[in-house]
Amino acid sequence: MTPSRRHFLAAMSSAAYAQSNLDTAINNGRVIDPASGLDAIRSVGISNGVVTVLSPAPLKAKRVIDATGHVVSPGFIDLHVHRQNDENNRFKARDGVTTSLELEIGVSPMKQWIDERRGKSLIHFGASVGHVPARMTATNDTSEWLPAGPAATRAATDPEQVKTLELLRQGLREGGVGIGMGIAYTPFASRAEILDVFKVAAAAKVPIFVHMRGAGAKDPGVVEALQEVITDAAASGASLHVVHLNSSSGRAFELGLSMVRGAKARGIDVSYEAYPYIAGMTQLESAIFNPGFREHLDMDYKDIMLVETGERLNEETFKIHRKKGATVITFSMREQDIDMAMAAPDVIVASDGWITNGKGHPRASGSYSHVLATYVRERKVLTLKDAIRKMSTLPAQRLEKFVPEMKRRGRINVGSFADITVFNPNTVQDRSTYQNAAQYSEGIPFVLVNGTLVVDGGKIVEGVYPGQPVMSKVTI
Ligand SMILES: [Zn+2]
């Protein structure tokens, strides 16, 4: 050992020596952790995928990231995505999302779905077990994703309902993150059938994530739809999560919000989410567009856009494309209602997006940076800390009772998993549009999933798949 080397080692404190063994250090960023209230310049040390040091002074590590001028946030947790594949995961990661969950429609069978993604996912992934796909299996509806056959067009027989419930229990035993329901896509499911699903959720102590039966301001719309699921939650004891309260409520968003808040104030365990856009996206062949939809949803043919071509529909082209089947964007909401949803501290942000072969809705690729750029920075509808809470901490807390590892996500503290998003609050920006949804967000230079960089210097890191399955631990 040279004298200078000996001198160097002697000069290092034992703490500094330990710090130099860190895998990664994110130095001098503004760390915002809504769960603990921390909002200060800190350096984050990471070892073996876990945050091990939070220091006021810069840290040494094998890889040092200078986060000066940037926000260091817990990675965003999206409770409502569809199509978790490499194409979508890349857009999500570039938008700061470290966990993507398909909790609305869900999947069935569960084990196979998880096994297909193990070791191949850029970000964490998981799904609820879905009433829609289970009912499709039970009624032999062979539609590709959302039902257009028996599951959408008729009541289920008693044996079919028994089979559906058994598939749901099986999916929960295999790690399903709660039960997903899309009652609007199975409109002939009776009230009793739906209540039975809530009872299964209650027995397993998991929530129901539901796209409700009805939507919009006119009866039977969001009021009746909320009355059904709030009553079922109260009667069964199941927890309830209302997906996209914005699109389900339409122009009655304030009323819808008052109902879920009222239920919560009276002891029902209910949560709710919204996406930051005035347009939705769904399948034209689905039951959403059954006769009468224009009156009920305050939507006309011209408000429907074909994702494939960008073409707006009329009565004639509506009929043609509904028969063939098509993914459509629907312009049905008002800016003022989305503002209210974004401002509300208790409304979780979720995207409800997917991209297929470069086509889709801008929310799939831009929801999280859209909130940070438009609603926080430009329009000051909400604070940065509240945005991070709505995009990370609240969704983790919603799941932690039955997915215990979520207690260590959606936070940055010593012991939490290193799911971390580093963004520049002055430049973070969504680029995706209704015409071109397949555009990466900007201003998010670093994203870590379990301590592994998946976005480095603003670019996707190729060939790394640190995403782990998010699974419930329930007995039923
Ligand atoms: Zn939906």
Side-chain angles (χ1 to χ4, degrees), residues 26 29-35 51 70-81 84 88-103 121-126 177 271 273-277 341-342 345 347-354 362-377 382-400 403 405-406 408-412 416-425 428-430 432 440-450 452-455 458 460 466-468 470:
I26 305 171
R30 177 182 168 193
V31 176
I32 300 183
D33 178 47
V51 173
H70 288 68
V71 170
V72 178
S73 162
F76 307 138
I77 298 172
D78 192 344
L79 297 182
H80 192 155
V81 304
Q84 289 127 297
N88 282 283
N89 289 345
R90 293 168 79 94
F91 286 112
K92 288 285 168 207
R94 286 286 305 270
D95 202 31
V97 174
T98 52
T99 300
S100 88
L101 302 167
E102 152 77 91
L103 301 184
S121 187
L122 198 60
I123 58 178
H124 305 309
F125 60 94
V177 180
S271 55
E273 61 170 61
Y275 48 81
Y277 296 86
M342 291 305 113
V347 177
I348 290 170
V349 173
S351 74
D352 190 10
W354 73 94
R363 67 191 181 182
S365 44
S367 281
Y368 292 83
S369 45
H370 187 52
V371 169
L372 295 171
T374 301
Y375 292 91
V376 176
R377 184 177 66 228
L382 76 169
T383 65
L384 193 49
K385 191 186 275 184
D386 274 343
I388 292 171
R389 179 184 288 111
K390 284 156 63 80
M391 302 196 297
S392 185
T393 317
L394 283 183
Q397 288 169 340
R398 186 42 163 155
L399 305 179
E400 66 191 24
V403 185
E405 67 168 64
M406 295 311 285
R408 298 174 65 194
R409 303 198 193 279
R411 286 106 165 147
I412 298 183
S416 64
F417 290 112
D419 294 343
I420 295 176
T421 292
V422 180
F423 64 88
N424 183 331
V428 63
Q429 186 68 55
D430 54 307
S432 57
Y440 289 121
S441 298
E442 300 287 354
I444 305 180
F446 302 100
V447 178
L448 295 92
V449 172
N450 272 12
T452 298
L453 277 158
V454 297
V455 175
I460 294 282
Q468 299 296 312
V470 174

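Position 1 is the first residue of the sequence; numbering continues from there.
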S.K.: How far apart are the closest heavy atoms of Ile123 and Ala93, and which atoms are they?
M.R.: CG2-CB, 4.1 Å
S.K.: If you measure from CG on Asp352 to CG on Leu79, what distance do you get to the nearest 0.5 Å?
M.R.: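 Result: 11.5 Å between the selected atoms.
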S.K.: Given the ring of Tyr277, does Arg363 sit roughly above its face, with NZ or CZ under 6.0 Å from the centre of the six-membered ring and within 45° of the axis?
M.R.: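 Ring-cation test returns no.
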S.K.: What heavy-atom pair brings Gly75 and Thr421 nearest, and what distance separates the two atoms?
M.R.: CA-OG1, 3.5 Å
S.K.: Run the numbers on Leu399 and Leu101 for side chain to side chain contact (heavy atoms under 4.5 Å, CB included), then give the verdict.
M.R.: CA-CA 11 Å; Leu399 305 179; Leu101 302 167; 3.4 Å; yes
S.K.: Please enumerate all residues that pass side-chain contact (heavy atoms from CB on, under 4.5 Å) together with Arg90, with sequence neighbours excluded.
M.R.: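 For Arg90 the side-chain contact (heavy atoms from CB on, under 4.5 Å) partners, ignoring immediate neighbours, are Asp86, Leu122, Tyr440, Ile460, Glu462.
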S.K.: Looking at CG of Asp419 and CG of Asn450, how far apart are the two atoms once the value is rounded to the nearest 0.5 Å?
M.R.: 5.0 Å
S.K.: Could you check whether any side-chain N or O of Arg377 sits under 3.5 Å from a backbone N or O of Val428, counting only pairs where one atom can act as donor and the other as acceptor?
M.R.: yes
S.K.: Taking the side chain from Arg409 and the backbone from Phe417, do they hold a donor-acceptor pair closer than 3.5 Å?
M.R.: no
S.K.: Would you give the length of the straight line joining atom OG of Ser441 to atom CZ of Phe423, rounded to the nearest 0.5 angstrom?
M.R.: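 Answer for the OG-CZ pair, Ser441 versus Phe423, is 12.0 Å.
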S.K.: Roughly how far, to the nearest 0.5 Å, is CD1 of Ile388 from CD1 of Ile412?
M.R.: 8.0 Å
S.K.: Kindly compute the distance separating CH2 (Trp354) from CD (Gln84), expressed to the nearest 0.5 Å.
M.R.: 12.5 Å
S.K.: Between Asp95 and Ser367, is there a donor-acceptor pair closer than 3.5 Å when you use the side chain of the first and the backbone of the second?
M.R.: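 Yes: the side chain of Asp95 pairs with the backbone of Ser367.
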S.K.: Whether the side chain of Gln429 engages the backbone of Ala373 through a donor-acceptor N/O pair (distance < 3.5 Å, no angle test) should be reported.
M.R.: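 Here the side-chain-to-backbone pair does not exist.
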S.K.: Tell me the closest heavy-atom pair linking Arg94 and Gly458, and the distance in Å.
M.R.: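 Reported closest heavy-atom pair: CZ-O, 3.1 Å.
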S.K.: What distance separates Phe76 CZ from Thr393 OG1, expressed to the nearest 0.5 Å?
M.R.: 10.0 Å
S.K.: Minimum heavy-atom separation for Asn89 and Ser121, please, with both atom names.
M.R.: ND2-OG, 3.3 Å
S.K.: For a side-chain contact (heavy atoms from CB on, under 4.5 Å) with Pro395, tell me which candidate from Thr99, Ile77, Val349 qualifies.
M.R.: Ile77
S.K.: Backbone N or O of His80 within a donor-acceptor pair of the Ser351 side chain at under 3.5 Å?
M.R.: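 Yes; judged by distance alone, with no hydrogens or angles, the pair exists.
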S.K.: Kindly give the heavy-atom pair with the smallest separation between Asp33 and Gly410, and that separation in Å.
M.R.: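 Closest approach of Asp33 to Gly410: OD1-O, 4.3 Å.
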S.K.: Do you know which two heavy atoms are closest between His70 and Pro425, and how far apart they sit?
M.R.: CA-CD, 4.2 Å
S.K.: Less than 4.5 Å apart, any side-chain heavy atom of Ile26 and any of Val422?
M.R.: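 When only atoms from C-beta onward are counted, Val422 and Ile26 do touch, with a gap below 4.5 Å.
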S.K.: Show your reasoning for whether side chain to side chain donor-acceptor pair (under 3.5 Å) applies to Ser100 and Asp78.
M.R.: CA-CA 5 Å; Ser100 88; Asp78 192 344; over 6 Å; no
S.K.: Where do Glu400 and Arg411 land on the salt bridge (Lys or Arg N to Asp or Glu O under 4.0 Å) test, with the steps shown first?
M.R.: CA-CA 12 Å; Glu400 66 191 24; Arg411 286 106 165 147; 2.7 Å; yes
S.K.: Measure from the side-chain N and O atoms of Lys385 to the backbone N and O of Ile32, and report whether any donor-acceptor pair falls under 3.5 Å.
M.R.: no
S.K.: Tell me, do Leu384 and Val71 make a side-chain contact under 4.5 Å, heavy atoms counted?
M.R.: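 Yes - at least one pair of side-chain heavy atoms lies under 4.5 Å apart.
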